[in-house]
Structure formats: structure tokens, C-alpha cells
Student: 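Handing you this structure, nothing more for now.
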Amino acid sequence: MFLPRRALVDEILESEGLDGIVFSHPPNLRFLTGFSGSTGCLLVTSSGVGFLTDSRYTTQARDQMVDVEVREAKILHKSVVEWLTELGCRRVGFEEETLSCSEMRRLREATADIVWVPLERSLQMLRCRKDKEEIATLEHAATIAEAAFTEVLPRLRPGTIERDFATDLEFAIRRNGGEEKSFDFIVASGPRGALPHGIAADRVMQEGDLVTIDFGVRYAGYHHDETVTVALGEVSDTLRSIHDIVLRAHDLAIDAVRPGARIPDVDAVARDYIAQCDYGDFFGHGLGHGLGLEVHEWPSLSARTDATLQEGMVITIEPGIYLPDVGGVRIEDMILVTASGARVLTKIDKQFRRLPV
Ligand code: ZN
Ligand code: ZN
């Protein structure tokens, strides 16, 4: 599993003309080695692979990485530079987006003999096409999400406090085998639904509300992300109508997903439909994002992302309409880009759902 992933790094070494790359961003460490600790440096070089960590993690690292030499470091940046020098590395790439300025300064101060090359796009793309194990893990997380959501759905009713529902959902996720929540849940009812990032608060849900629940399950390090919007009893014609528009925009965008599709074009499918329905001013965020070992990964699905979809990417499609002082709707699924188009990995039905009150 890890050798094909490291072969992707070999391709970057070649295309960037590098002798090695230093990785320290935990999701990259986990992707390339299986190491799930929070501190360490992986050196992938043309002459071998090595891992450095401190005494808290050496035993764990040796257990989790059977095929990588693990050394214990007292002063990490010094040991990194010594090992790179030992391997004859002169041009070395680093994770531009996540390595801190002070970490970079310490590496530079430790030697003048290495040229440090910032890597942005090539590393962003490293994890974007998911392999079989990753897809199965994300789909399993979606199955846990469905079981947990189904379990707590009866508690979604007038009188329930948003924050209490979020807590119940989190407990249900853990009871059903999830290791953690992917992020702080959004539970936004009634007028609060107009807040795209309305973290669950003290509002008491009322009959006639739409309630937007954006939640995620972390399982084996992977992040599921899904949004359901449901009605508590009868809702106004406006709310019903924006639900139908968002659902249609979501379905049209999924139909447009296929390898080779330009990301701005897929974004435009949903955005243009919402604009045609006269709600263009009320859908301000991007259409979705990649996800996996992080809840937001490259690519971001927006008009500004100049890239195409590729087979194996897992992305979200999550259009929304947010009407200030009235309410809002967002509908989000995780989608696998397949050879022939798209497969929805999330399991919860997104058709309009009116809960009994
Ligand atoms: Zn979400
Ligand atoms: Zn999302």
C-alpha cells in the first residue's frame, strides 16, 4: 500500500529535479508510511527513505513502519540535516504550505549546503487520487454516519436545542464505531440556517424550521463530511422552494462530475442553475472540496481552481442558499470520481424530508 504511494513522491523528485523531500505534515506522514503520531520527519530521497522522531514516538514509529529505517532524534532539525547530508542530498523539497517559518529557519541555520525548494501544487496533488483502501475507509465512515444520523433523527423536533442535538449526534457516531468527529458540527435551525457556518448554538428548534446539519465522522484517520437539511413539520413555500432548487443544483453538479471535467465548469453548473432561479446572490461559497486525511484537501471546487477532475478523486458537492433572517439550505454528499462519471459515497437520502412534529 505504501510503496505505490511513495512511487508518487519519486515522480515529484524527478519532475522537480530534487535529491529528496522532507515531510513533516502529519497527514502526509500517515499517507506515506502509516505513522499516526503527531511529530516526525520523513525523508524520501533518491537513495532511500528514513524517518526521524523523538523518544515519545520511536516505538510507535517502528511498529507502524516496517519498511522504513527509524532513528531517534534529540534535536529534530539537526538530525534531519545530518541524515540528508549523509545521503548526499543537495536540493531538497519541503512542504511550503505547512512547514512553519521558524522550522524553515532552523533547517537553514543548520547547514548552508542544502538548497531548499518550496513545493506547493505538486504536494497538494499527492493525495488527491484515492486508492482502494482510502475509498473503502471513506465509504465506511459514511456508513457510520448514516447509522448515527438514523439513530438520533427522532430527537430532531421542536423544542430540541441545537447544541444538544449536535452532542447526541457526536455520541452516536462514537457508539457506531467512529473514532472522532471530523469538525465542529453545524446545526443551524430556522433563521440561523442563513449562516453557512452556524456552529450549533443555544437556539431551540421550532415547528416550521428548516434545520441544516453539517457533520462528519473521522474513521481510521479519514474524514467524512455530509450535510442534510430537514423540515420540522410544514415549512413556508419559500423554504420548500429553496430546498428543491438546492437539491436540483446538487444533482446537476453530480451529473457533471467525470474525469477531465474542468472544476470551474462543474462549479458553474450548480451556480448558474441557482442564479437562473434568482437566488444567485445567496450562494456565496465554493461548490465543494477534496477530502481524506484532512477534511479540506486539494482541490477546492470553485471558479478559481484551474484544474480538472481526475479518476479516484473524492470530493464534496455542497451547494446552498442562505436567506438572511429567513433560513437556509445546504445539501452535501461525498462523491468519488469514477472512470465513467461519479459514485456517491454518502448514504443518507437527500430528498425533501418533513419530520413529524
Ligand atoms: Zn460539510
Ligand atoms: Zn464540506
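FYI, side chains are in, hydrogens and waters are out, and symmetry mates aren't considered; it's all heavy atoms of this structure. One-based numbering along the sequence shown. When a ligand or atom number is given, it counts from 1 through the structure's own listing order.
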Student: Does Asp349 have more than 12 heavy atoms from other residues, nucleotides or ligands lying within 6.0 Å of its CG?
Tutor: yes
Student: Are the side chain of Glu170 and the backbone of Lys181 linked by a donor-acceptor contact shorter than 3.5 Å?
Tutor: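 Side chain of Glu170 to backbone of Lys181, a donor-acceptor pair under 3.5 Å: no, none is there.
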Student: Any N/O/S of His296 under 2.8 Å from the Zn ion (ligand 2)?
Tutor: no
Student: Just checking Lys78: does its NZ atom have more than 12 heavy atoms from other residues, nucleotides or ligands closer to it than 6.0 angstrom?
Tutor: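 Counting neighbours around NZ of Lys78, 12 or fewer heavy atoms of other residues, nucleotides or ligands fall under 6.0 Å, so no.
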Student: Of all N, O or S atoms in Glu332, identify the one at the shortest distance from the Zn ion (ligand 1).
Tutor: OE1
Student: Verify the distance test for Glu318 against the Zn ion (ligand 1): any N/O/S atom under 2.8 Å, yes or no.
Tutor: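 No, since none of the N, O or S atoms of Glu318 sits under 2.8 Å from the Zn ion (ligand 1).
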Student: Go through the side-chain N and O atoms of Tyr222 and Ser182 and say whether any donor and acceptor fall under 3.5 Å apart.
Tutor: no
Student: How large, to 10°, is the angle at the Zn ion (ligand 1) when you draw lines to OD1 on Asp225 and to OD2 on Asp214?
Tutor: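 With the Zn ion (ligand 1) as the vertex, OD1 (Asp225) and OD2 (Asp214) sit 150° apart.
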